[in-house]
Amino acid sequence: MIDLHTHSTASDGTLTPSRLAEQANEAGLTALALTDHDTVAGIDEFMAGCRQAGIEGIPGVEFSASWYGGSLHLVGLFIDHFNGPLRELLEEIRRHRARRNETMVAKLNEAGAAITLEELKQEAGGEVVGRPHVAEILVRKRFCPDRKTAFDRWIGTGCPAYVRRFLPLPEDVIGRIHGAGGIAVMAHPFGNPHGETRAKVRKTLKYLAELGLDGVEVYYSDHSPEETADAMMLAREFSLAPSGGSDFHGRTMPGMELGRGRGNLRIADDLLAGLKARAAVWKNRA
Ligand code: AMP
Ligand code: ZN
Ligand code: FE
Ligand code: FE
């Protein structure tokens with residue numbers, strides 16, 4: 001079994017990249033991808049950790065791209081994380097995040113939640129600082145009872161301290177991933193929060209496939225058996241390689257376990273062959 005979508009302390013996960021590798025080995029996984037949001041800072045430690053643990057490490061990253069006023073998520077797998085243009089886009093995204101965080105903290109203070117930029121940076125620890133970290137602080141300082149309420153009352157879309165952030169276009173993200181010899185996979189195709197209709201997912205995948213999308217997460221923690229079957233049919237229809245991951249974040253997202261998701265997730269090793277065949281195409285061109 002494998003897991004091709006996980007987060008570490010380099011973004012908003014709670015395990016360090018090397019701990020993640022160890023834990024994957026303990027869970028019986030044979031291959032693991034680290035796909036932190038907007039950074040590749042954890043990859044070197046992660047690859048060393050995987051070698052140490054005796055499992056196959058796959059360098060990855062997760063981007064949010066703009067989509068009809070909202071966003072969709074694209075995971076890059078088998079990337080060369082030293083690639084210049086890939087790193088430049090990630091840096092641009094993080095620069096915009098830094099400015100957005102200043103505005104968000106100012107708005108929170110105005111609205112009555114006293115938090116500081118210093119606290120926020122400390123909470124994040126790494127170079128990617130965002131709303132999941134703000135939510136942790138709001139809960140800890142008792143401005144709200146839980147993470148969900150933090151988004152519902154303070155920082156979710158339309159809330160008093162909501163600030164939009166810069167999102168690259170899907171075609172730019174896919175292009176940078178390919179340029180770095182990696183494959184672009186649509187993450188959680190049924191949405192985040194989960195719940196898009198099959199018809200809408202089909203339209204999105206059709207469009208992304210025309211832009212060069214390589215794969216789609218058929219197996220995902222929140223998928224019902226029907227959604228998994230639908231995603232597999234759509235993958236076939238648009239010639240996309242099926243992928244799968246838990247979206248493990250550690251203790252901030254309880255119930256999403258490494259490799260196991262909410263208990264029933266099983267991602268077979270043999271998906272790797274199809275994904276690697278796609279990656280070979282881009283590696284040859286990069
Ligand atoms: P950011 O990239 O800083 O805008 O933060 C986005 C992340 O916040 C997403 O990847 C989710 O993990 C989390 N998130 C966004 N909206 C919600 C929500 N309504 N409830 C809980 N978590 C959310
Ligand atoms: Zn996350
Ligand atoms: Fe995501
Ligand atoms: Fe994720």
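Reckoned from all heavy atoms, side chains included, excluding hydrogens, waters and symmetry mates. In listed order, ligands and their atoms are each counted from 1.
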Exercise for review: Could you name the option among His37, Arg97, Met253, Glu62 that has the heavy atom nearest to atom 2 (O) of ligand 1?
Suggested key: Arg97

Check your understanding: If you measure from atom 6 (C) of ligand 1 to every heavy atom of Arg131, His133, Arg147, His7, which option wins on shortest distance?
Key ->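 The nearest heavy atom belongs to Arg131.
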
For the residue pair [Y] / [X], report whether a side-chain donor-acceptor contact shorter than 3.5 Å exists.
{"X": "His133", "Y": "Asn101", "answer": "no"}
{"X": "Glu62", "Y": "His73", "answer": "yes"}
{"X": "Thr39", "Y": "Asp36", "answer": "no"}
{"X": "Ser64", "Y": "Arg165", "answer": "yes"}

Output yes if [X] passes the N/O/S-under-2.8 Å test against the Fe ion (ligand 3); output no otherwise.
{"X": "Asp247", "value": "no"}
{"X": "His188", "value": "yes"}
{"X": "His37", "value": "no"}

**Study point:** Arg100 N/O under 3.5 Å from ligand 1 N/O
**Key:** yes

**Study point:** Whether Tyr220 and His188 hold their rings parallel, tilted or perpendicular, with breakpoints at 30° and 60°
**Key:** perpendicular

Review point. With a cut-off of 4.0 Å, which atoms of ligand 1 are near a heavy atom of Arg165?
Key: 1 (P), 2 (O), 4 (O)

Review point. With a cut-off of 4.0 Å, which atoms of ligand 1 are near a heavy atom of Gly130?
Key: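 Counting from 1, the qualifying ligand atoms are 3 (O).
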
Residue and atom name of the nearest protein heavy atom (relative to [atom]), distance in Å to one decimal:
{"atom": "atom 5 (O) of ligand 1", "value": "Pro132 CD, 3.5 Å"}
{"atom": "atom 8 (O) of ligand 1", "value": "Phe151 CZ, 3.3 Å"}
{"atom": "atom 11 (C) of ligand 1", "value": "Asn192 ND2, 4.4 Å"}

**Study point:** Aromatic centroids of His5 and His249 separated by under 6.0 Å
**Key:**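 Distance test on ring centres: not under 6.0 Å, no.
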
Check your understanding: Do His223 and Phe190 have ring centres separated by under 6.0 Å?
Key ->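 Yes, ring centres under 6.0 Å apart.
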
**Study point:** Note: Arg140-Glu123 ion pair, threshold 4.0 Å (strictly below)
**Key:**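 Judged by the 4.0 Å cut-off on N to carboxylate O distance, Arg140 and Glu123 do form a salt bridge.
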
Review point. Do the charged groups of Lys276 and Glu56 touch, with an N to O distance under 4.0 Å?
Key: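 The answer is yes: the pair qualifies as a salt bridge.
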
Check your understanding: Does His37 bring an N, O or S atom to within less than 2.8 Å of the Zn ion (ligand 2)?
Key -> yes

Review point. Taking both backbone and side chain into account, is any N, O or S atom of Glu62 nearer than 2.8 Å to the Zn ion (ligand 2)?
Key: no

Check your understanding: Which value, rounded to 10°, describes the OE2(Glu62)-the Fe ion (ligand 3)-ND1(His73) angle?
Key ->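 Approximately 90° at the metal, rounded to tens of degrees.
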
Review point. Are Lys148 and ligand 1 in contact, using a heavy-atom cut-off of under 4.0 Å?
Key: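 Heavy atoms of Lys148 never come under 4.0 Å of ligand 1.
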
Check your understanding: Any non-hydrogen atom of Gly156 lying under 4.0 Å from ligand 1?
Key ->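 No.
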
Review point. Does Arg278 reach the main-chain N or O of Gly215 with its side chain, forming a donor-acceptor pair under 3.5 Å?
Key: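 No, Arg278 side chain to Gly215 backbone: no donor-acceptor pair under 3.5 Å.
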
Review point. Nearest heavy-atom pair of Ala268 and Ile2: which atoms, and what distance?
Key: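 Closest approach of Ala268 to Ile2, heavy atoms only: O-CD1, 3.5 Å.
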
Point to revise | Asp12, N/O/S atom nearest the Zn ion (ligand 2) | key: OD2

